[in-house]
Amino acid sequence: MIGKTHKWLDKEVDLIKEKGLYRQLRTISPSGSSNKANVDGVEYLMASSNNYLGLAKDRRLVDTAIKTLKSYGVGSTGSRLTTGNTNLHKKLEKRIAAFKNDEAAIVFSSGYLANIGTLSSLAGKEDVILSDQLNHASIIDGCRLSHAKSIIYRHVDMEDLREKLIYSQHYKRKFIITDGVFSMDGNIAPLGEIKELAEKYGAYIIVDDAHSTGVLGKNGSGTADHLKVPVDVTVGTFSKAIGTQGGFVTGSRALINYLRNKARSFIFQTALPPSTIAATLKSIDIIESKLELQMELQQKVHLLRDELLEFGFDLRGGETPIFPIIIGNTNKTIDFSKRLEKEGIFAPAIRPPSVPKGESRIRLTIMATHTERDIQQISKAFYQVGKELEVI
Ligand SMILES: Cc1ncc(COP(=O)(O)O)c(C=O)c1O
């Protein structure tokens, strides 16, 4: 059996431990409020969730999911192309296309699968993918699976992207891919400049809207709408502001038809359960009809940003609910997170490879449902721990 006689497994894990990168699971149990997290039996104020609009525990989504479970059952029983495609899946695809102002959409079982399915089927051996240095791991893996030449450009550095596009003119097709909002830094991609370069050098633009869907743009429709820059392909997930689960791609009808026939992570994956799909539809209804949710989120973002700046934190981004508190040293970041827990705040340490070496951090995020008191508790705790550990 692997493990008993093969000491290399333990040795590899020891190496990970030596670097301070050992990962362990924490267990979340139900808690009283959507702003709280019961972690390993202790209740904390949540300060690191992707549930930006607080919809993951919304009663209306839960009731919709329960009702759908009762009529459709628990599982979807098969791939979308065999027995798993319900009327709800079709409805969601229409809905998400309209939400994103695109012709058509395809729903995957996760954002990770949407990225690897899109990149691996769109780009091939004769093509090049130019990818921002801080793009999400699912984009990196999608580039690898595609067999295209992957070229990393420096984070949001348009001069570097220009140079790399000039050197890439001999490739058959060129794709530029970027997170819309960078998951660990919270800044927004410069889509306007990317679009100018893409037009000049003949490249397609793919945007991963995981952290902008529901957050930026009119009705939360995402980065392209926020910056008024149309793109060729949008990839996203329902697992952040939408509050449910699953991934999607939107674009032209031809693109979606192509992905339905080529994307292996679509073809060979069991479809999402209908209850999740129904809850997702409900969530989009709420987001589109209740603009206050987005406005509340923006208000909380500004409040937290002002407090953190006043306390002397050096902030990147600032327009989105993601606040990276860069500490650098990995062990110090772990200490920071543990100290926050003593103050009643849950915000785990983010370490390489999720972020570049030397840039370990606390990824502080805010939710529309956080109260002003919650925000004060969070910022005070960060100030106290920041002073103690000499981060500010
Ligand atoms: C930028 C980005 N893209 C894709 C994903 C993957 O989405 P999912 O969690 O639905 O697989 C994530 C989530 O972690 C993300 O942050």
Side-chain angles (χ1 to χ4, degrees), residues 1-4 6-31 36-52 56 109-116 133-145 155 179 181-186 208 210-211 237 239-240 245 247 265 316 321-365 367 378 381-382 385-386 389 391:
M1 187 205 294
I2 279 196
K4 285 235 157 115
H6 297 82
K7 288 280 177 232
W8 58 272
L9 292 173
D10 290 338
K11 277 191 193 150
E12 284 293 324
V13 173
D14 287 345
L15 269 178
I16 293 172
K17 282 182 181 161
E18 274 168 32
K19 291 181 195 154
L21 300 178
Y22 186 59
R23 290 167 191 250
Q24 278 172 301
L25 292 170
R26 309 288 301 270
T27 307
I28 314 277
S29 307
S31 63
K36 297 269 162 68
N38 182 317
V39 187
D40 299 328
V42 181
E43 187 130 308
Y44 299 97
L45 180 58
M46 173 56 92
S48 205
S49 174
N50 295 314
N51 181 21
Y52 304 121
S109 294
S110 73
Y112 184 94
L113 292 169
N115 264 329
I116 64 168
Q133 181 190 3
L134 295 190
N135 277 343
H136 188 257
S138 53
I139 294 177
I140 299 169
D141 294 352
C143 290
R144 288 177 183 154
L145 275 175
H155 179 51
D179 281 8
V181 166
F182 288 89
S183 56
M184 294 297 149
D185 286 58
D208 179 343
H211 296 274
T237 173
S239 67
K240 319 287 183 199
Q245 194 93 15
S265 59
R316 292 183 185 178
I322 304 167
F323 293 85
I325 307 294
I326 314 278
I327 292 155
N329 178 282
T330 298
N331 288 325
K332 196 168 172 181
T333 311
I334 295 169
D335 288 346
F336 199 110
S337 171
K338 284 187 183 152
R339 275 289 293 111
L340 284 175
E341 286 186 16
K342 288 207 174 107
E343 301 298 321
I345 307 287
F346 187 62
I350 307 287
R351 303 167 276 172
S354 304
V355 290
K357 262 192 195 158
E359 289 201 20
S360 288
R361 68 193 65 185
I362 303 291
R363 179 180 177 272
L364 166 58
T365 63
M367 299 189 279
I378 291 169
F382 271 78
V385 179
L389 297 186
V391 170

For F382 and A347, which heavy atoms make the closest approach, and how far apart are they? CZ-CB, 4.5 Å
I need the single residue from L113, L145, N115 that forms a side-chain contact (heavy atoms from CB on, under 4.5 Å) with S265. Which is it? L113
To the nearest 0.5 Å, atom NZ of K17 lies from atom NZ of K19 at 14.0 Å
Going through the distances and angles, do K11 and L15 end up as a side chain to side chain contact (heavy atoms under 4.5 Å, CB included)? CA-CA 6 Å; K11 277 191 193 150; L15 269 178; over 6 Å; no
So, does S354 use its side chain to make a donor-acceptor pair with the main chain of I350 at under 3.5 Å? no
For R361, is there an ion pair with D185 - N to carboxylate O distance below 4.0 angstrom? yes
Taking the side chain as C-beta and beyond, is there a heavy-atom pair between V39 and T27 under 4.5 Å? no
Compare all side-chain heavy atoms of E359 with those of M184 and state whether any distance is below 4.5 angstrom. no
Backbone of Y22 reached by a side-chain donor or acceptor of R351 within 3.5 Å: yes
Quick one: does S49's side chain get under 4.5 Å of M367's, heavy atoms only? yes
Does S239 reach the main-chain N or O of Q245 with its side chain, forming a donor-acceptor pair under 3.5 Å? no
Go through the steps to decide whether S110 and T237 satisfy the test side chain to side chain contact (heavy atoms under 4.5 Å, CB included), and finish with yes or no. CA-CA 6 Å; S110 73; T237 173; over 6 Å; no
If you round to the nearest 0.5 Å, how far is OG of S360 from CG of N331? 8.5 Å
Looking only at side-chain N and O atoms, does S31 offer a donor or acceptor that is under 3.5 Å from a partner on N38? no
Would you please say whether a donor-acceptor pair under 3.5 Å links the side chains of D208 and N135? no
Apply the test side chain to side chain contact (heavy atoms under 4.5 Å, CB included) to residues I378 and L364: give CA-CA distance (whole Å), side-chain angles for both, the deciding distance (0.1 Å), then the verdict. CA-CA 9 Å; I378 291 169; L364 166 58; 3.6 Å; yes
Test item: side-chain donor near acceptor, Y52 and H211, under 3.5 Å: yes
Between P352 and K357 the two heavy atoms that sit nearest each other are CG-CA, 3.9 Å
If you take the centroid of each ring, where Trp contributes its six-membered ring, are H136 and F182 closer together than 6.0 Å? no
Under the side chain to side chain contact (heavy atoms under 4.5 Å, CB included) rule, what do D141 and Y112 come out as? Steps first, then yes or no, please. CA-CA 9 Å; D141 294 352; Y112 184 94; 2.5 Å; yes
Output for pair (E341 CD, D40 CG), nearest 0.5 Å, gives 8.0 Å
Within the structure provided, determine whether Y44 and L340 are in side-chain contact (heavy-atom separation under 4.5 Å). no
More than 12 heavy atoms of other residues, nucleotides or ligands under 6.0 Å from CD of E43: yes or no? yes
Answer with yes or no whether the side chains of T365 and S48 bring together a donor and an acceptor at under 3.5 Å. no
Under 3.5 Å, is there a donor-acceptor pair between the side chain of K332 and the main chain of L389? yes
Within a strict 4.5 Å, meaning less than it, do heavy atoms of the I139 and D179 side chains meet? yes
For the pair D335 and K338, find out whether any cationic side-chain nitrogen is under 4.0 Å from an anionic carboxylate oxygen. no
Main chain of A349, side chain of T333: is a donor-acceptor contact present, judged purely on distance under 3.5 Å? no
With distance as the sole criterion, is a donor-acceptor pair present between the side chains of N50 and R363 under 3.5 Å? yes
Are any non-hydrogen side-chain atoms of L134 and P356 less than 4.5 angstrom apart? yes
